[in-house]
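Written out below as structure tokens is the structure these notes cover.
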Amino acid sequence: MNDKIDETRIKCELLLMLRRSKLLNARSILSSEYVIGSTGRRADLAILNGTSFIGIEIKSRYDSLARLSDQLEVYRSCFTRVMLVVDERHVESATLRAGPSIEIWKVDSQCGIQLHRAQEISPIKIKSQLLKMLTTGDLKRALKLPSNSIIKKKELIQVMNGQPEEDIFREVIYSFKQVYSETSSKFWAETYRKKISPQSLQALSRFASVRIENNRKQEQQHAFWDSWREAAKVSLQDNWA
């Protein structure tokens with residue numbers, strides 16, 4: 001890895017630390033850059049360990065804390081545990097922004113990660129936010145409706161809102177398992193007894209292969225136009241000679 005301690009490097013070191021401390025194992029289900037439904041937020045990491053659903057927000061030295069309070073507000077309403085991992089320069093400011101339901105971890109200049117402040121109270125899940133984490137398909141399945149039912153999501157949410165909060169949360173967990181079990185298994189297979197690298201993180205993304213293919217096509221297009229411009233330049237020089 002390069003010396004720059006950016007979000008990706010912190011993410012790798014954090015996963016290694018959690019694996020060493022037995023907080024992660026091959027049965028853990030993970031997602032990198034987890035889109036938290038329609039809340040408008042994204043978790044840098046989301047981890048399901050049994051019944052513990054962990055949301056992790058990472059702020060490197062190069063990141064701003066401007067949106068942190070709003071981000072954590074969503075985290076604490078959706079996850080059973082929230083970890084805020086920040087560069088040491090952000091610790092004081094992050095501590096002021098994070099409530100007692102957020103545990104704070106500090107990243108030092110060598111990318112060592114240690115607990116700065118433990119969680120004092122448990123996050124309180126909010127039903128309206130949990131419902132935003134479910135897709136239309138999730139809602140139909142939970143309500144035992146045919147997948148081809150022509151019902152608007154807004155109406156499905158209104159019906160599901162009458163269900164107990166814990167039932168809704170179980171649907172969120174079920175959906176997370178369905179979507180990320182396969183990519184998590186691939187990740188654990190690729191990192192077995194190995195270091196976790198930025199390349200291995202790609203296994204946690206369902207869209208990594210698409211991004212790689214898009215990047216390949218972009219590189220081909222750039223190469224084509226570079227070649228075209230060079231040929232045009234030579235042609236113009238010949239015409240003016």
Side-chain angles (χ1 to χ4, degrees), residues 11 15 18 23-24 27-58 67-84 98-99 101-103 119 121-188 201-211:
K11 193 177 289 188
L15 289 173
L18 293 175
L23 290 173
L24 275 181
R27 293 187 298 276
S28 302
I29 300 174
L30 302 85
S31 172
S32 180
E33 301 302 321
Y34 171 59
V35 177
I36 312 176
S38 58
T39 64
R41 301 298 177 189
R42 181 178 297 186
D44 291 318
L45 285 168
I47 301 170
L48 181 61
N49 259 344
T51 58
S52 180
F53 195 30
I54 307 168
I56 301 175
E57 177 63 24
I58 297 171
R67 298 182 297 122
L68 182 61
S69 296
D70 290 339
Q71 290 173 314
L72 294 179
E73 189 65 32
V74 173
Y75 275 58
R76 66 168 61 92
S77 66
C78 298
F79 296 99
T80 55
R81 179 180 176 185
V82 181
M83 297 173 62
L84 174 60
S101 62
I102 311 295
E103 59 186 84
Q119 171 188 295
I121 61 174
S122 298
I124 299 176
K125 296 187 292 296
I126 298 175
K127 187 185 289 188
S128 60
Q129 294 283 32
L130 293 174
L131 286 168
K132 290 181 180 180
M133 299 174 75
L134 298 173
T135 66
T136 300
D138 293 332
L139 292 164
K140 288 179 182 179
R141 185 195 63 249
L143 294 170
K144 296 181 172 55
L145 295 171
S147 59
N148 60 355
S149 300
I150 304 175
I151 306 176
K152 292 182 180 179
K153 186 175 182 179
K154 182 178 179 180
E155 296 171 347
L156 292 168
I157 287 176
Q158 288 175 344
V159 176
M160 194 68 184
N161 193 47
Q163 302 293 321
E165 178 188 284
E166 287 308 308
D167 288 354
I168 297 172
F169 185 65
R170 273 195 292 271
E171 293 300 328
V172 170
I173 296 302
Y174 179 83
S175 177
F176 187 82
K177 286 180 179 178
Q178 293 295 108
V179 175
Y180 297 103
S181 289
E182 184 177 344
T183 49
S184 296
S185 295
K186 182 180 178 183
F187 171 78
W188 289 122
L201 283 177
Q202 291 182 355
L204 291 178
S205 173
R206 295 181 299 143
F207 310 108
S209 60
V210 176
R211 282 202 302 272

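Predicted, not measured: the structure shown is a model, and the values here were computed from it.
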Could you check if a side-chain atom of [X] sits within less than 4.5 angstrom of a side-chain atom of [Y], using non-hydrogen atoms only?
| X | Y | value |
| --- | --- | --- |
| Leu48 | Phe79 | no |
| Thr39 | Tyr75 | no |
| Ser28 | Leu30 | yes |
| Val82 | Ile54 | no |

Using a cut-off of 6.0 Å, state whether more than 12 heavy atoms not belonging to Ile121 lie near its atom CD1. yes
Looking at [atom1] of [X] and [atom2] of [Y], how far apart are the two atoms once the value is rounded to the nearest 0.5 Å?
| X | Y | atom1 | atom2 | value |
| --- | --- | --- | --- | --- |
| Ser32 | Lys11 | OG | NZ | 3.0 Å |
| Ile157 | Ser38 | CD1 | OG | 6.5 Å |
| Ser31 | Leu45 | OG | CG | 8.0 Å |
| Leu130 | Ile168 | CG | CD1 | 6.5 Å |
| Leu84 | Ile58 | CG | CD1 | 9.5 Å |

Test Met133 against Cys78 for side chain to side chain contact (heavy atoms under 4.5 Å, CB included), laying out the working first. CA-CA 8 Å; Met133 299 174 75; Cys78 298; 3.5 Å; yes
Residues at least two apart in sequence or cross-chain that pass ring pair (Phe, Tyr, Trp, His ring centres under 6.0 Å) with Phe176, listed by chain then number, are Tyr34, Phe53, Tyr180
Applying side-chain contact (heavy atoms from CB on, under 4.5 Å), can you list everything that pairs with [X], at least two apart in sequence or on another chain?
| X | result |
| --- | --- |
| Arg170 | Glu166, Asp167 |
| Ser181 | Ile29, Lys177 |
| Lys186 | Glu190, Ala203 |

Would you mind writing out the side-chain donor-acceptor pairs for residues 139-156 within the sub-3.5 Å range, not counting sequence neighbours?
residue: Lys140; atom: NZ; partner: Ser147; partner atom: O; Å: 3.1
residue: Lys140; atom: NZ; partner: Ser149; partner atom: O; Å: 2.6
residue: Arg141; atom: NH1; partner: Asp138; partner atom: OD1; Å: 3.2
residue: Arg141; atom: NH2; partner: Glu171; partner atom: OE1; Å: 2.9
residue: Ser149; atom: OG; partner: Pro146; partner atom: O; Å: 2.7
residue: Lys153; atom: NZ; partner: Leu134; partner atom: O; Å: 3.1

[X]: side-chain hydrogen bond (donor to acceptor under 3.5 Å, both in side chains) partners, not counting sequence neighbours:
| X | value |
| --- | --- |
| Thr80 | none |
| Lys132 | none |
| Gln178 | none |

What pairs of residues pass the salt bridge (Lys or Arg N to Asp or Glu O under 4.0 Å) test when at least one of them lies in [range], not counting sequence neighbours?
| range | result |
| --- | --- |
| residues 75-84 | Glu73-Arg76, Arg81-Glu103 |
| residues 46-57 | Glu57-Lys59 |
| residues 35-52 | Arg41-Asp70 |

So Phe187 and Leu15, side chain to side chain contact (heavy atoms under 4.5 Å, CB included) or not? Walk me through it. CA-CA 12 Å; Phe187 171 78; Leu15 289 173; 4.2 Å; yes
Return yes if some donor-acceptor pair links the side-chain N/O of Lys127 with the main-chain N/O of Asn161 below 3.5 Å, else return no.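 Pair found, side chain donor or acceptor close to backbone of Asn161.
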Between Thr183 and Trp188, does a side chain to side chain contact (heavy atoms under 4.5 Å, CB included) hold up when you go through it step by step? CA-CA 9 Å; Thr183 49; Trp188 289 122; over 6 Å; no
Within the 3.5 Å criterion, strictly below it, is a donor on Ser77 or Lys125 matched to an acceptor on the partner's side chain? no
Tell me every residue that passes salt bridge (Lys or Arg N to Asp or Glu O under 4.0 Å) with Glu165, counting only those two or more places apart in sequence or in another chain. none
